[in-house]
2 protein chains.
Amino acid sequence: MTLPIEVAITSAEKTFFQLRKDIVEGVIVAGAKLSETELSGRYAVSRAVIREAISRLMSCHLVERKANIGAKVVTLSAAGLKELYQVRESLEGMAARLAARNMSDGEIQDLQHLLDEHSAQVKEDQSYYQEAGDVDFHYRIVQGSKNTHLINVLIDGLYHLVRMYRVQLGMAGPRVTTAFIEHKNIALAIANRDEELAEMLMRRHILYSQRNIESKLTV
Amino acid sequence: MTLPIEVAITSAEKTFFQLRKDIVEGVIVAGAKLSETELSGRYAVSRAVIREAISRLMSCHLVERKANIGAKVVTLSAAGLKELYQVRESLEGMAARLAARNMSDGEIQDLQHLLDEHSAQVKEDQSYYQEAGDVDFHYRIVQGSKNTHLINVLIDGLYHLVRMYRVQLGMAGPRVTTAFIEHKNIALAIANRDEELAEMLMRRHILYSQRNIESKLTV
DNA sequence: AACCTCTACATTGTCGACACAATACATCTT
DNA sequence: AAGATGTATTGTGTCGACAATGTAGAGGTT
């Protein structure tokens with residue numbers, strides 16, 4: 001696993017991580033108001049710490065804030081999901097293109113080994129792959145782009161929102177095996193250093209994923 | 001003109017706008033350290049206000065911060081510029097695609113009228129177009145995408161960084177007229193509702209712009 | 001002279017209190 | 001009774017002070 005291990009130094013960071021977790025996982029419900037005074041009591045820190053945490057949640061687009069009124073957790077909607085996946089398609093497509101250009105041969109080998117491991121897991125225990133496996137694959141591509149902006153925007157920002165939709169819509173799809181094949185093909189394009197194809201396949205992959213998630217939302 | 005008119009309500013917002021301006025325009029030099037104590041004296045506000053402003057500057061990727069150490073203005077580099085334009089290419093390409101899908105007929109007409117005005121200005125007073133005209137065109141496309149994430153990330157985030165590079169590298173290029181023609185063609189593709197072409201033309205447009213800016217950087 | 005240690009300083013992180021704006025409720029008017 | 005007005009309360013915005021951390025310099029040791 002190469003998931004980023006975020007270490008909280010200050011108490012504002014700890015609170016930020018905790019709040020983000022609670023929002024993504026629905027402990028704090030979507031659309032709820034975030035009262036600074038209440039949170040400072042609940043998490044046993046001062047309001048200054050809460051304010052800093054909320055500031056950082058804002059830059060992840062997980063909460064919205066109006067001056068003199070307060071902060072609210074974003075509301076989930078079909079329209080919001082569509083917009084989110086349009087940005088994902090664009091950015092991760094570029095990430096795949098850049099990964100095909102910039103990943104080292106060793107990193108590409110590691111990526112393919114990862115998929116081999118997943119292959120085994122898909123056969124016996126499908127439940128694993130659909131969350132962690134997918135996340136891990138996409139993380140590696142993004143890191144492989146070697147583009148700091150892409151890495152920041154996607155990993156520190158959008159992915160948490162994506163996970164929020166997934167968790168709160170109760171994702172558990174039949175897309176496990178087909179998604180795995182798509183991953184395989186993307187990795188192959190990257191190994192062949194075919195930027196054009198890598199980008200195109202990644203964009204399609206995300207489009208399919210979007211349709212899959214939308215079909216459950218509109219039910 | 002349809003540039004966003006940002007109104008500062010709180011003093012933290014005012015300070016944020018002022019700081020952002022000073023950083024983008026080089027009054028506060030790239031790479032400089034932002035001392036909270038010093039800034040709170042200079043802008044005549046408390047440290048809490050400065051901290052909030054710096055927080056927001058962080059989410060624009062204009063400053064970087066380390067816990068217990070402090071915040072620094074980002075440093076400009078050829079590599080950073082390249083990364084920035086790769087993200088721009090990706091996001092604005094998608095914006096153009098979505099604009100072709102979502103802009104109203106009226107908005108498209110306005111866009112073309114805007115280009116007609118620019119056409120006149122390009123012929124007599126080239127200096128105008130290269131900054132404001134270009135900015136205005138791109139803003140309209142992004143707004144036309146009707147995608148909140150795109151709008152936020154680009155207009156509130158990346159564009160300020162782009163402007164920072166432009167200002168501090170002293171942009172003044174011979175690309176004025178050719179860029180104008182590219183704008184015309186993009187608008188045409190949007191008017192024809194040709195998403196594919198609109199995205200492709202926008203991506204090329206930004207690639208050319210990147211090469212143009214890079215050629216001056218490496219001198 | 002180079003290296004390590006300890007102390008003093010400067011800066012950031014955190015806190016509680018006050019100032020101000022927005023909302024909710026009660027009272028008054030028509 | 002419905003609406004408007006004024007007041008009370010809640011919550012956010014701002015501030016100055018204290019605590020904790022990092023940094024630089026003096027002094028000592030090898």
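Since this is a predicted model, take the numbers as computed values, not measurements. Protein chains get the first letters and strands the later ones, always in sequence-line order, with residue 1 at the start of each.
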Gap between atoms [atom1] and [atom2], on [X] and [N] respectively (whole Å):
X	N	atom1	atom2	answer
B/K33	C/dT11	NZ	P	7 Å
B/I9	C/dC20	CD1	C1'	14 Å
A/E13	D/dT21	CD	P	14 Å

| request: State the CD-CG distance between A/Q168 and A/L76, to the nearest 0.5 angstrom. | output: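 So the gap between those two atoms works out to 5.0 Å.
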| field | Interatomic distance, A/R88 atom CZ to A/E83 atom CD [nearest 0.5 angstrom] | value |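 One finds 15.5 Å between CZ of A/R88 and CD of A/E83.
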| query | Among D/dG13, C/dT14, C/dC15, which nucleotide sits nearest the side chain of A/A12? | reply |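 Between D/dG13, C/dT14, C/dC15, the one nearest the side chain of A/A12 would be C/dT14.
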| Which of residues 49-64 of chain B have a heavy atom under 4.0 Å from DNA chain D? |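 Nucleic-acid contacts, sorted: B/V49.
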Looking at [X], does any N or O in its side chain come under 4.0 Å of the phosphate oxygens OP1/OP2 on [N]?
X	N	result
B/S11	D/dT14	yes
B/S46	D/dC15	yes
B/T37	C/dA10	no

| query | Do other residues, nucleotides or ligands put more than 12 heavy atoms under 6.0 Å from B/K146 NZ? | reply |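 Result for NZ/B/K146: enclosed.
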| task | Please answer whether the main-chain N or O of B/L81 pairs with a side-chain N or O of B/Y165 as donor and acceptor at a distance below 3.5 Å. | result |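 It does hold such a pair.
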| said: If we ignore hydrogens and angles and just use 3.5 Å, is the side chain of B/R193 paired with the main-chain N or O of B/A100 as donor and acceptor? | reply: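 Between the backbone of B/A100 and the side chain of B/R193 there is a qualifying donor-acceptor contact (under 3.5 Å).
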| query | What are the residues of residues 65-74 of chain B, sorted by number, that bring a heavy atom to within less than 4.0 Å of DNA chain C? | reply |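 Heavy-atom cutoff 4.0 Å gives B/R65, B/A67, B/N68, B/I69, B/G70.
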| Going by modelled atom types, is there a donor-acceptor pair between the base of D/dG13 and the side chain of A/R47 at under 3.5 Å? |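 Answer is yes: a donor-acceptor pair is held.
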| query | Taking atom types as modelled, is there a side-chain donor on B/D22 or B/Q18 under 3.5 Å from an acceptor on the other? | reply |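 Note: B/D22 and B/Q18 side chains meet the donor-acceptor criterion.
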| field | Shortest non-hydrogen contact between B/D156 and B/E6, atoms and distance | value |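 Taking B/D156 first and B/E6 second, the nearest heavy atoms are OD1-OE2, 4.2 Å.
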| Which of these passes salt bridge (Lys or Arg N to Asp or Glu O under 4.0 Å) with A/D134: A/R166, A/R163, A/R140? |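 Looking at A/R166, A/R163, A/R140, the match for A/D134 under the salt bridge (Lys or Arg N to Asp or Glu O under 4.0 Å) is A/R166.
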| Where does the angle between the aromatic ring planes of B/H183 and B/H138 fall among parallel (under 30°), tilted (30 to 60°) and perpendicular (over 60°)? |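 It falls in the perpendicular class, over 60°.
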